[in-house]
Amino acid sequence: MYPWLISTFEQLAKRRQANKLHHALLLQGSQGIGKTDFAKQFAALLLCAKTSQGQRCGVCHACLLQDAGNHPDFHEVMSDKQIGVDQIREAIKKLSGSAQLSGAKVLIIYAAHTMTESSANALLKTLEEPTANTFLLLLTHKSERLLPTVLSRCERIVMPIPDTTQTQAWLNTQWDKPVDAEFVSLYASSPLTLLDELQQEHKISYEVFKAGLQDIIKQRVNPSQLAADWQEQVEKILKWLQFWLHLQVKSRPQLPEALWQLHQQAIKSVKRVRNPGVNKVLVLNQLLTDIAMLKIKDK
């Protein structure tokens, strides 16, 4: 279990042991903090036949089946885009009968905010009146997109966000190479995303990005060239620009208004490049050109 989630896990485990756990939990929190792993581990605890001190035993028949990925009373619903009504109805059907192992039944709905209105409505009765010993875990990083009727039938569990110190300490156990402090700060609230970024062999690292900005500022490279080079990861670059400009606003009091305007421009640019047909190179080139025109000097 991730260090920043241990306390929440232990609290829910104690409530389960005392038979005071709500049957429908909405696990809400930002992306990259470990909600999926949390839900799977908590589901394994709920299904375990011999829990002890808030931990699953790991050796009972239920635990062995869960570890093998074929527990008959564990169900999941997910979709790359939207969760349709047929998926929810199929899941409800599996929950309607008695547990095959005479224990708990667990359903995890990943990215619950992607449920269509029909699928969400199909879930309401089960959320309100589940069969005995049935638990539903709904995961989301966009709870505002869930129907009020779904929200009202769940207990919201706000997942803790680690601070920079916690993220750095955890990262030190996962990554044995030096990492730019700014980069850690950028993804401090999403440590799993941070690690994923480091593990992927991106053509553009944060260090390369910062070096590119310095080349633009010192007029060693044309903004249009970098815009072309960075176009395949334009949305990521624009988010990095937001963060970099935010740091500049705080550290360069002589240019607050101009930098703030560029920061806002970067935010709008992220939305623009998501629209089909938009020339991403032109959008990025305009922002890079405007940064170059500021003629920021080294501190």
Note: D215-K210 ion pair, threshold 4.0 Å (strictly below): no
Indicate the atoms forming the closest heavy-atom contact of W240 with I204, along with that distance. CH2-O, 3.6 Å
Do T131 and K105 meet the criterion of a side-chain donor-acceptor pair at a distance under 3.5 Å? yes
Minimum heavy-atom distance G212-V221, with the two atoms named: O-CG1, 4.3 Å
Could you check whether atom CD of E232 has more than 12 heavy atoms from other residues, nucleotides or ligands sitting under 6.0 Å from it? no
Decide whether I109 and L139 are clustered together by the hydrophobic rule: side chain heavy atoms of Ile, Leu, Val, Met, Phe, Trp, Tyr closer than 4.5 Å, transitively. no
Run the side chain to side chain contact (heavy atoms under 4.5 Å, CB included) check on T140 and L26 step by step: do they pass? CA-CA 7 Å; T140 183; L26 176 65; 3.6 Å; yes
Note: A112 and L138 closest approach over all heavy atoms is CB-CB, 3.9 Å
Should we count CD of E144 as having more than 12 external heavy atoms under 6.0 Å? yes
With a 3.5 Å distance limit and no angle check, can you tell me whether W170 reaches the backbone of T165 through a side-chain donor-acceptor pair? no
Indicate the atoms forming the closest heavy-atom contact of I216 with P223, along with that distance. CG2-CG, 4.1 Å
In terms of the angle between their ring planes, are F209 and W230 parallel, tilted or perpendicular, with boundaries placed at 30° and 60°? tilted
Spatial distance of atom CG (L137) from atom CG (L46) [nearest 0.5 Å]: 6.5 Å
Interatomic spacing from CG in L107 to OG1 in T134 - rounded to 0.5 Å: 9.5 Å
If you draw a 6.0 Å radius around CZ in R272, do more than 12 non-hydrogen atoms from other residues or ligands fall strictly inside? no
Donor-acceptor pair, side chain of S96 and main chain of K93, under 3.5 angstrom: yes
Is the Y206 ring parallel, tilted or perpendicular to the F183 ring (thresholds 30°, 60°)? tilted
With a 4.5 Å cut-off on side-chain heavy-atom distances among I, L, V, M, F, W and Y, is there a chain of contacts connecting F243 to I161? no
Does R15 form a salt bridge (charged side-chain N to carboxylate O under 4.0 Å, His left out) with E155? I'd like the steps, not just the answer. CA-CA 13 Å; R15 289 175 53 190; E155 179 184 349; 2.7 Å; yes
For the side chain of S190 and the backbone of G32, is there at least one donor-acceptor N/O pair under 3.5 Å apart? no
Hey, mind stepping through T116 and S119 against side chain to side chain donor-acceptor pair (under 3.5 Å) and telling me if it holds? CA-CA 5 Å; T116 64; S119 57; 3.0 Å; yes
Could you walk me through whether D73 and V106 satisfy the side chain to side chain contact (heavy atoms under 4.5 Å, CB included) test, starting with their C-alpha distance in whole Å, then the side-chain angles of each, then the deciding distance to 0.1 Å, before giving a yes or no? CA-CA 6 Å; D73 299 314; V106 179; over 6 Å; no
Option passing side chain to side chain contact (heavy atoms under 4.5 Å, CB included) with V179 (candidates L195, N172, L198): L198
CD-CG distance between Q66 and N70, expressed to the nearest 0.5 angstrom: 9.0 Å
Output the distance between atom OG1 (T173) and atom CD (Q168), rounded to the nearest 0.5 Å. 10.5 Å
Can you tell whether the side chains of K236 and E197 come within less than 4.0 Å, N to carboxylate O? yes
Hey, is the main chain of S224 close enough, under 3.5 Å, to the side chain of N285 for a donor-acceptor pair? yes
Quick one: do L147 and N121 satisfy side chain to side chain contact (heavy atoms under 4.5 Å, CB included)? Show the steps, please. CA-CA 9 Å; L147 292 181; N121 286 329; 3.7 Å; yes
Within a strict 4.5 Å, meaning less than it, do heavy atoms of the C60 and C48 side chains meet? yes
Shared hydrophobic cluster for V208 and I237 (ILVMFWY, side-chain gaps under 4.5 Å): yes
Just wondering, do L287 and L238 contact through their side chains at under 4.5 Å, heavy atoms? yes
Please lay out, stage by stage, how D229 and Q225 fare under the test side chain to side chain donor-acceptor pair (under 3.5 Å). CA-CA 6 Å; D229 291 344; Q225 180 59 55; 3.0 Å; yes
Taking the side chain as every heavy atom from C-beta outward, state whether I33 and S189 have any pair of such atoms under 4.5 Å apart. no
Any non-hydrogen side-chain atom of P160 less than 4.5 Å from a side-chain atom of T8? yes
Is there a side-chain contact between C57 and T51 in this structure, where contact means two heavy atoms from C-beta onward sitting under 4.5 Å apart? no
Checking E257, Q264, Q265 against Q261 for side chain to side chain donor-acceptor pair (under 3.5 Å), the one that qualifies is E257
If you draw a 6.0 Å radius around NE2 in H246, do more than 12 non-hydrogen atoms from other residues or ligands fall strictly inside? no
Check whether more than 12 heavy atoms from other residues, nucleotides or ligands sit under 6.0 Å from atom CD of Q174, and answer yes or no. yes
Report yes or no: do L213 and V270 belong to one cluster of Ile/Leu/Val/Met/Phe/Trp/Tyr joined by side chain heavy-atom distances under 4.5 Å? yes
With the side chain counted from C-beta on, respond yes when T36 and Y110 share a heavy-atom pair under 4.5 Å apart, and no when they do not. yes
Could you tell me if the side chain of R156 sits less than 4.5 Å from the side chain of S143, heavy atoms only? yes
Say you draw a straight line from NE2 of H61 to NZ of K50; how long is it, rounded to the nearest 0.5 Å? 11.5 Å
Under 3.5 Å: donor-acceptor pair, side chain of H23, backbone of L127: yes
Honestly curious: do L259 and L288 fall in one hydrophobic cluster under the side-chain, below-4.5 Å linking rule? yes
Can you tell if the side chain of I217 reaches within under 4.5 Å of the side chain of Q214, non-hydrogen atoms only? yes
Looking at A181, is its backbone amide N or carbonyl O close enough to the side chain of S185 to form a donor-acceptor pair, meaning the two atoms are under 3.5 Å apart? no
In terms of heavy-atom contacts, V281 and A228 come closest through CG1-N, 4.2 Å
Does E129 pair with R153 as a salt bridge, N-O distance under 4.0 Å? no
Can you tell me how far the CD atom of Q17 sits from the OG atom of S52, to the nearest 0.5 Å? 7.5 Å
Start with the C-alpha gap between F38 and Y2, add the side-chain angles, then the distance that decides, and say whether side chain to side chain contact (heavy atoms under 4.5 Å, CB included) holds. CA-CA 8 Å; F38 183 99; Y2 302 111; over 6 Å; no
Nearest heavy-atom contact between V273 and V278 is CA-CG1, 4.4 Å
